[in-house]
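Only one structure is covered here, and it is reproduced in the block below.
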Amino acid sequence: MIAAILKENIQGETRVAATPKTVKELIDNGLQLRVQSGAGESSFHSDQAYKDAGGEITPDVSSTLSGANIVLKVSPLTLDEVDALDEGSIYVSLLQTTKEIALVKRLTEKKVTGFSMHLIPRTTLAQSMDALSSQANIAGYKSVLVGAAHLAVYMPLLMTAAGTIPPAKVLIIGAGVAGLQAIATANRLGAQVEAFDVRPEVKEQVESLGAKFVEIESQDKEGVGDGGYAKETSDDYKKQQELKIKERTAKSDLVITTALIPGKPAPVLINKDMVENMKRGSVIIDLASENGGNCELTQKDKVVNHNGIIIDGTSNFPATMQVHASQLYARNVSSFVNYMIKEGELKLDLEDEIIAGAMFTHKGEITHQQTNELATNT
Amino acid sequence: MIAAILKENIQGETRVAATPKTVKELIDNGLQLRVQSGAGESSFHSDQAYKDAGGEITPDVSSTLSGANIVLKVSPLTLDEVDALDEGSIYVSLLQTTKEIALVKRLTEKKVTGFSMHLIPRTTLAQSMDALSSQANIAGYKSVLVGAAHLAVYMPLLMTAAGTIPPAKVLIIGAGVAGLQAIATANRLGAQVEAFDVRPEVKEQVESLGAKFVEIESQDKEGVGDGGYAKETSDDYKKQQELKIKERTAKSDLVITTALIPGKPAPVLINKDMVENMKRGSVIIDLASENGGNCELTQKDKVVNHNGIIIDGTSNFPATMQVHASQLYARNVSSFVNYMIKEGELKLDLEDEIIAGAMFTHKGEITHQQTNELATNT
Amino acid sequence: MDMINILTVFILAIFVGNEIITKVPPTLHTPLMSGSNAISGIAIVGAIISTKVGGELGTWLGMVAVIFATINCVGGFMVTNRMLKMFKRK
Amino acid sequence: MDMINILTVFILAIFVGNEIITKVPPTLHTPLMSGSNAISGIAIVGAIISTKVGGELGTWLGMVAVIFATINCVGGFMVTNRMLKMFKRK
Amino acid sequence: MEYTNLAYVAAAVLFIIGIKRLGSPKTAQSGNAIASIGMLIAIIATVASFDLLDFKLIAIGMIIGSIIGATFAIRVQMTQMPQMVAIFNGFGGGASALVAASEFFTKHGTADLNTFISGTIILSVFIGTLTFSGSFIAFGKLQGFVSGKPIVFSGLQILNGFMVIGIVLIGTLITIGVNQDLNLFYGIVVLAVLLGVTLTIPIGGADMPVVISLLNSYSGIAASATGFVLMNNGLIISGALVGASGLILTNIMCKGMNRSLANVIFGAVGLEQETLSTDGKQINVKSSTTDEAAMILDAADKVIIVPGYGLAVAQAQHAAREVAEQLELMGKTVLYAIHPVAGRMPGHMNVLLAEANVPYDKLKDLGDINPEFEDCDVAIILGANDVVNPAARHDTSSPIYGMPILDVDKSRTVIVNKRTMNPGFAGIQNELFGFENTVMVFGDAKEMLTTLYKDLKEL
Amino acid sequence: MEYTNLAYVAAAVLFIIGIKRLGSPKTAQSGNAIASIGMLIAIIATVASFDLLDFKLIAIGMIIGSIIGATFAIRVQMTQMPQMVAIFNGFGGGASALVAASEFFTKHGTADLNTFISGTIILSVFIGTLTFSGSFIAFGKLQGFVSGKPIVFSGLQILNGFMVIGIVLIGTLITIGVNQDLNLFYGIVVLAVLLGVTLTIPIGGADMPVVISLLNSYSGIAASATGFVLMNNGLIISGALVGASGLILTNIMCKGMNRSLANVIFGAVGLEQETLSTDGKQINVKSSTTDEAAMILDAADKVIIVPGYGLAVAQAQHAAREVAEQLELMGKTVLYAIHPVAGRMPGHMNVLLAEANVPYDKLKDLGDINPEFEDCDVAIILGANDVVNPAARHDTSSPIYGMPILDVDKSRTVIVNKRTMNPGFAGIQNELFGFENTVMVFGDAKEMLTTLYKDLKEL
Ligand SMILES: NC(=O)c1ccc[n+]([C@@H]2O[C@H](COP(=O)([O-])OP(=O)(O)OC[C@H]3O[C@@H](n4cnc5c(N)ncnc54)[C@H](OP(=O)(O)O)[C@@H]3O)[C@@H](O)[C@H]2O)c1
Ligand SMILES: NC(=O)c1ccc[n+]([C@@H]2O[C@H](COP(=O)([O-])OP(=O)(O)OC[C@H]3O[C@@H](n4cnc5c(N)ncnc54)[C@H](OP(=O)(O)O)[C@@H]3O)[C@@H](O)[C@H]2O)c1
Ligand SMILES: NC(=O)c1ccc[n+]([C@@H]2O[C@H](COP(=O)([O-])OP(=O)(O)OC[C@H]3O[C@@H](n4cnc5c(N)ncnc54)[C@H](O)[C@@H]3O)[C@@H](O)[C@H]2O)c1
Ligand SMILES: NC(=O)c1ccc[n+]([C@@H]2O[C@H](COP(=O)([O-])OP(=O)(O)OC[C@H]3O[C@@H](n4cnc5c(N)ncnc54)[C@H](O)[C@@H]3O)[C@@H](O)[C@H]2O)c1
């Protein structure tokens, strides 16, 4: 079986779906590997390193894809690339299937079996394949560093001969993987960290990192949906939440928002009014910018300065830490592929929770329900 | 007595020499205060705030300076501004007197009594006026954040389901105030930190922050000069040092250099060869760029990418943290002025170690010896 | 021997007993208990005396008492010693 | 009262004296010294007895002894108390 | 008589020194030796002081006693030490009772049996006998002859109350001389035997050492009482010493268990909290205390600490490091095993332990640490659960089957700390907790580690 | 007689409890009260037991004594306490000697004066008299009547030696009854007076407290000896108690000064070694141990920790937090005082304490904390020096004059930890270390704090 690693072609995407190390692992597992020339360049992996690991270097997209059984990527395939795919092949990348209906449809037409790393179930067993976690972790970490670098103030408390500097106040909205890592990193830098999330069990997790949890007083149940993900919340809850967030953002120096609801646009939690209520020199990093942002004023991949408040809409923080981001993503992908392919043999066990979960197209069908609904409605 | 606060006019200088708080302090101490309109704008202090503190807002340079007895600034005066000064007035700013001979000469012509915050003696008593410390501290802190944000790798050790991430290796060259704070900050982020300095007593200080000290084996005495500052080192020592630094930089992910010798250009400690020996994706932050840089490839106020190694030559890190930088600098300046001026009366006690130490021109003479020598030789 | 004196001795002995034990690491609880238990075998003194003082019945009771008390003493000290030997570093 | 018994009492008292003081913070050294010094004024008991037992000379020596010992007791306890008052929270 | 008493004083002094030295590990052995010399002196002095003694009889008695005592002492296994102490102690109490009884019979009907003497005799007989029977029950419980579980029946306390009242009444009758019927005396003996039994059977096996210590104190009091009967300084002093120091020791032991003495004696009415079950399957867990954990650790050379989400919840990272440092001070090798998914975010344990300043080189990831468990003496699991669940290795039906886990069960002993038997994130039961080599120490991780630290320091 | 002795035993028990309670700050006052009640009981019992007593005489004596004692005790200034203790003690010793002498004169020439009695009388007279004269010299030295410096002349030790031999010889002669000349007895008194003087004058003023404590122990022994003369249990027990506990206390005091008793008594020939000097000026420091520090802290309600560069050098931040947490567990308020220039870089202490996870709200800067020292019980200085140098407040010639410092000297007690008497960064000596309310605990900060932590736990 032949697996192909494409060079990423989206602007700013510096990651790669396989490192020389995972190439070797996949080969050891019985696959043949093709790597498009320059695929690892921006994450500092030379063609030579892939060759040394046993991969075959191919000059362009078509020579890489033709005859390949499995295609591994970071960002979604372009429609052109899909055309170059063999029918019935397998495709793995990060992909918000509900947002890329056109691509999904094209894939079904090509009878490609598509897997999205976004859909890997968040179970204990699947953790080594959980690319959302590994990449969100990077985003959470990096967002604090970038936020702190934007800030006009210190993060830690310092008592110096020229006066006492109070610690910066950091507010993390949404304490999933990214949010938790952001808490940890801000904490390390000595800031006073508080965090907010709709899921109640997150309180213990936030506190387990030494931060304060911001509680919303509302009669209504908080937003816990399926599989530990968040769902949309009630109106009363939303109102209380808005009041609370307004109060907390006004006091914060750095706000990092990570709130997402799978398959939906990101909830808008910080409106213009709240931003204008913040101290000048404060910073908002909106990790939800890819899905519309948690802040009303966020512009995707732009850093805007609104009356002295900086709003950073960088959507792809992992790509700014390409060495480790690639290393972790490649490992997630190879774990997944190795999970499916035992001794060089493809075993698409549709009963398997992980394989079935991550699959969104198979044999010309859209197997992911929500995506399917969307695709039939458009 | 009238003190004047000018708006900074150098590109990128966001600090201000007095905050509303220190304006109030100076007024309480018997001074009258004039603040040029917009002086605090970039550090988020409005004219109104200065007014509320008791200052008089003046529209431009000449109206601010004419009749003022004391002028307080961050960056050196321009020659034009000197012309607007009254004869015999007092001037305080950050100023490398040995580099700004023209300005110094003009000041003597105007019989201005000039004080440089650079020249405040590094004694225990003078610490509250020590602007070099307060600003270097910011530079040290910020350099790590910016360095970490540049890096393609994590700083801390992380053991995750997608593999173990080793901690980044950080090397700090020059462990003065900036270097020590850089050590502390990098340590906080979880990196493995080592530091190097020519002064031997720094070893204990480096270790007091939990970092490793890199020792140079050389027969010759290390470079300890007057007043705890460094001096130039012997040839054998330099050779050993070069070997050691080459070895350490090659292993480091982030290198922060802070080595300075007062009144001299910064020593070049990292040459091109060493840079090319470093891992791709590594970062050098050169805090000595103002004085020529510790790295051969440093370009002042530019971020260069040399074969995948990023060399950041930002010279004014404190200006990127303008709120606290201004707060601390303003406090340093007001401590110094308050030290000289008791009950509204100017007491230029030339016997006083701090006053005499910080003074470089007085009654038409250059009182700072090294500057005087340079001025007479040019 | 008058009563008061004996009482004095008794009270002082209690004070001493109270004071000599202050802090004992848990690992020594059992040996200490065992050692002081051996000391309570001092009843042997009474036993010996009663073999003589107590007449026929007393003698036999005393004899049994001697056996009992000897078991307590000998066994107690020996067991304690064995336990304490374990504390020697290997 | 026989000798041995008295000796027993004496020895036990020494043991008690030995054990009751273990760790005393420096600030209490002087008060403790002062307090136990007051206790050594127990010589007053002897003094009182000797006023009676000692005949003419004994009575007068005893009288002086009573004065001395009373000074020791009264002064000692009072001074100690004054010192210790300093330790009261203000 | 003078010299005998002098010898008794000398013996008492040696006892004092002996007990004092027994309190510290370094001097304990010499302490025991010194005390035994004291005993020798007391015996010799006693024998020497009576010229009319039947030496043969005494010698025979002592030889028999020595043989029995020595045999027991030598034969017994280390694990059976506590019951040995119990039984020896019982004999000591018995001896005191016998001596007092002998005195009673001798003086019975004579004027010598005044109120004081008969009072002390009754006291000595009562306490001595109670010690005797109680010690035998304690022995039986520990040895397994009697069930180690608390044996309780309703009305037990009331029965005990009646017996005590009975003894006091009879004792008063005899003492004030109203009734000299020997049967009354036997009545006291019988009641004391019964009371010894009923006071001891309701106490659980784990609390036995405290009870033995208490009985030990009693036997001292009995000896002292016998001393008053015989007007013998040696018995009085030594008995009082043992009585007082035994009581102190009992208290120390109770404190070590975080219980009051009253709670140990009366409180343990019937709760068997040792067996807990979760979803269907039954897991028999051994629950233990921190000072037992401390002792297990004391004997170890290599210790691996396994942190989990619970450690983070308890914010016990600093406490964990302190314990680790203490173990290192004690000469042990300590490593931390970091499972890749421990906690609730990638690198959670790293963040946690970095905060507590645990050196990086002590943190080992799964691949590095798993081979190390083979020759590890103790693995301490701190609030981890799923990541040490052996079901992942063999139970194909387990939702975590196939996940690599930390093979903590390969180490000689596993100490698990968590608060309850609740499952972790994956919601599944963990068979590890019931393993033969696993000991559970329940409680919040921070509190547990703080106490453990104290216990380690006190070893 | 029965009841009298019973009362003595009760008094002795109260004395024991009293002395014990005097050893801990919390119970000291009640301890003193309890002991004085014991004394009252002893006196009443004595007076009540002799019907032929000359009550008037005794009453007069006691009233005179009370007036003198009370006057002294009330009038004396706090700073003169030690000399008061000395002189009271002298009277106690004198009383014992007088009682013994009275006994001697009464029994002189009669058969009652057997070897034992005369031996104890001589002992009592000798020790009592020595205590009397020695205490007066100690008083004189402290009060300034006699030079506080050691007064030494060559041959002093030899002279003392001869006097001791003389006393032993004469004592033996009297005791074994060879010579009953009263002059011999007077000879002993004279020699004892002289010896008391010659033993005390060579001792320096700083060591006086130790000598007083020793003399206090002596007066206990004298009382005990008198007890043997009179065959009085009360005197024997109480005297022995004071004698033994006094000796222990003396030892503790010596240890606190890092000296041996022998060194204090004989060695102090002219060297004042507790005085350490740096640049010219002399600083007298009191050096102490961690367990004393622990006890000082035990008595405190509010504790302020002052970290400095030394804490960073020792990397003792975690140890410091542990100690602070332990103090909080003990119910004390603990704050950290952060001087703006402590350490070697701006915010050095913040970085350090953040690493050890000290909560921010416990860190107070100079402005906030300085008013707090006024009602602070203990300030603990950990490797700080320049930032707590009071010279900055008043010594215009000091290079740091005018710098705001932490006013640690305002707190009731200051505990300073550093390794040596070396100066800090500014290179200047620190008078704080010699202040009356300062106690130095030398050693590396980490080691010191680790031990202190242990000691606190053991309290
Ligand atoms: N690492 C990640 O990125 C990530 C993210 C999400 C989920 N997860 C999942 O989380 C799990 C991690 O495994 P784990 O072993 O670390 O944790 P775990 O399996 O969740 O077990 C944690 C245990 O800690 C105990 N505990 C909680 N609070 C405690 C306290 N204060 N003191 C002592 N014990 C306490 C709990 O038992 P008691 O309640 O009885 O005390 C619980 O059984 C895995 O299933 C993993 O898949 C990991
Ligand atoms: N904060 C800043 O930015 C900065 C920068 C440069 C200089 N300074 C200067 O540094 C000084 C700071 O004052 P400070 O009070 O913190 O420090 P300091 O005055 O330098 O005194 C530190 C003390 O710590 C003791 N020490 C060193 N190692 C120790 C150890 N392992 N354990 C216990 N004690 C130890 C030393 O005494 P032993 O040797 O006897 O142990 C020393 O006296 C000021 O003079 C300040 O001006 C400050
Ligand atoms: N089984 C595993 O081992 C494993 C691994 C990784 C993650 N997880 C779990 O997966 C779940 C999702 O994690 P994620 O980081 O991918 O989440 P996510 O990226 O989907 O969302 C980020 C966070 O935003 C929160 N959020 C949503 N709407 C919000 C609102 N209106 N206001 C505030 N917060 C809001 C969510 O609750 C979530 O915590 C978590 O429960 C996590 O513990 C499990
Ligand atoms: N008294 C006070 O309170 C006080 C306050 C602040 C600073 N200081 C002291 O002032 C001194 C200077 O501090 P600074 O930060 O301004 O120094 P700096 O900025 O002048 O130099 C930075 C560091 O570079 C080092 N250096 C110079 N040449 C080097 C070379 N070839 N290789 C490696 N390192 C080299 C120097 O030793 C110094 O540590 C220090 O001793 C500091 O402790 C004292």
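Convention: sequence-line order gives letters A, B, ...; per-chain numbering from 1. Predicted model, so just to flag it, every value in this text is computed and none were measured. Hydrogens, waters and symmetry mates play no part in the numbers below; they use all other heavy atoms, side chains included.
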Choice from F:E355, F:R344, F:M403 maximising heavy atom contacts with chain B below 4.5 Å
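With the most close heavy-atom pairs to chain B, the winner is F:R344.
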
Let's test your reading of the structure: which of F:L352, F:D386, F:V313 forms the most heavy-atom pairs below 4.5 Å with chain B?
F:V313

Under a 3.5 Å cutoff, is there a donor and acceptor pairing between the side chains of B:D130 and B:S133?
yes

Tell me, with the steps shown, if B:Q135 and B:N332 meet side-chain hydrogen bond (donor to acceptor under 3.5 Å, both in side chains).
CA-CA 10 Å; B:Q135 305 301 301; B:N332 293 141; 4.7 Å; no

Can a salt bridge be assigned to the pair B:E207 and B:K203 using a cut-off of 4.0 Å between side-chain N and carboxylate O?
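The answer is yes: the pair qualifies as a salt bridge.
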
Any donor-acceptor N/O pair, F:H339 side chain to F:V306 backbone, under 3.5 Å:
no

Taking F:D368 for the side chain and F:A337 for the main chain, is one N or O donor matched with an acceptor at less than 3.5 Å?
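Side chain of F:D368 to backbone of F:A337: no pair is present.
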
Please classify the contact between [X] and chain B as side chain, backbone, both or neither, with a heavy-atom cut-off of under 4.5 Å.
X      : result
F:N350 : backbone
F:Y309 : side chain
F:P340 : neither

Contacting moiety of B:L328, where chain F heavy atoms sit under 4.5 Å
neither

